[in-house]
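The residues of the chain are indexed from 1 along the displayed sequence.
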Amino acid sequence: VDAYRQAISAEPRFAAAWFNLGNALRMLGRLEAAAAAYQEASRQDPAMAPAWYNLADVLEEQGKIHDAVTSLKAALQASPSYADAHLNLALCYEKLELRREAKRHWEAYLKLDGSSQWARIARRHLAER
């Protein structure tokens with residue numbers, strides 16, 4: 001954490017340092033601080049899909065599902081073929097009982113990754129409809 005904070009103090013617009021700071025803080029269980037670091041990383045580089053994705057993951061862990069959806073949409077805007085973002089967005093939509101939107105992202109995930117263990121889970125969710 002200290003090393004990333006030093007890097008940021010030397011170069012405040014260093015998106016990768018903000019992202020890695022978020023990862024380090026998250027590993028320490030400091031979710032609010034991690035979310036703030038991911039938000040700053042995404043502000044410094046809006047095309048950094050992993051920053052949006054990790055922010056969404058932390059928000060979802062905090063029960064902020066609507067905010068997680070917003071972040072996952074931003075991740076997909078930055079990188080439309082980000083399979084894991086489709087998967088997590090489908091899961092969030094299911095939590096919000098938005099089945100049609102979930103289905104669209106399960107299907108998008110399967111187009112990008114049709115053979116992993118997560119693909120089997122996606123197929124199971126689609127079959128339950």
To the nearest 0.5 angstrom, please state how far the CG atom of Leu87 sits from the CD1 atom of Ile121. 7.5 Å
Distance from Phe14 atom CZ to Ile8 atom CD1, nearest 0.5 Å? 8.5 Å
State, to 0.1 Å, how close Ala34 and Arg26 come at their nearest heavy-atom pair, and which atoms those are. CB-N, 3.7 Å
Using the ring of each side chain (for Trp, its six-membered ring), is Trp106 parallel, tilted or perpendicular to His125, with breaks at 30° and 60°? parallel
Side-chain contact, heavy-atom cut-off 4.5 Å: Tyr93 with His105? yes
Can you hop from Met48 to Val58 via hydrophobic side chains spaced under 4.5 Å? yes
Which heavy atom of Leu72 sits nearest a heavy atom of Ala56, and at what distance? CG-CB, 3.4 Å
Side chains of Leu21 and Glu40: closer than 4.5 Å at any heavy-atom pair? no
Look at the side chain of Asp113 and the backbone N and O of Tyr109, then say whether any donor-acceptor pair between them is shorter than 3.5 Å. no
Separation of Leu25 CG from Arg30 CZ (nearest 0.5 Å): 5.0 Å
When rounded to the nearest 0.5 Å, the distance separating CG of Leu55 from OG of Ser71 is 3.5 Å
Linking I/L/V/M/F/W/Y whenever their side-chain heavy atoms sit closer than 4.5 Å, directly or via other members, would Tyr4 and Phe19 fall into one cluster? no
Looking at Thr70 and His66, would you say the former's side chain and the latter's main chain have a donor-acceptor pair under 3.5 Å? yes
State the CG-CZ distance between Leu98 and Arg104, to the nearest 0.5 angstrom. 10.5 Å
What is the minimum heavy-atom distance between Ser115 and Arg120, and which atoms define it? O-NH1, 4.0 Å
Should we say atom CD of Gln77 is surrounded by more than 12 heavy atoms from elsewhere, each under 6.0 Å from it? no
Donor-acceptor pair, side chain of Ser42 and main chain of Gln39, under 3.5 angstrom: yes
Answer yes or no: is there a donor N or O on one side and an acceptor on the other, between the side chain of Trp52 and the main chain of Ala85, under 3.5 Å? no
Using modelled atom types and a 3.5 Å cut-off, is there a donor and acceptor pairing between side-chain atoms of Trp18 and backbone atoms of Pro12? yes
Answer yes or no: is there a side-chain heavy-atom contact under 4.5 Å between Trp118 and Asp84? no
Count the heavy atoms of every other residue, nucleotide or ligand shown that sit under 6.0 Å from CZ of Arg43, and state whether that count exceeds 12. yes
Any donor-acceptor pair under 3.5 Å linking the side chain of His86 with the backbone of Pro80? yes
Let me see the working for Glu32 and Lys64 under salt bridge (Lys or Arg N to Asp or Glu O under 4.0 Å), right down to the final yes or no. CA-CA 12 Å; Glu32 289 293 329; Lys64 300 174 183 177; 3.7 Å; yes
Interatomic distance, Leu126 atom CG to Lys103 atom NZ [nearest 0.5 angstrom]: 7.0 Å
Same apolar cluster (I L V M F W Y, side chains within < 4.5 Å links), Leu59/Leu31: yes
Applying side chain to side chain donor-acceptor pair (under 3.5 Å) to Asn88 and Tyr53, what does each step give before you reach the verdict? CA-CA 9 Å; Asn88 282 13; Tyr53 177 85; 3.0 Å; yes
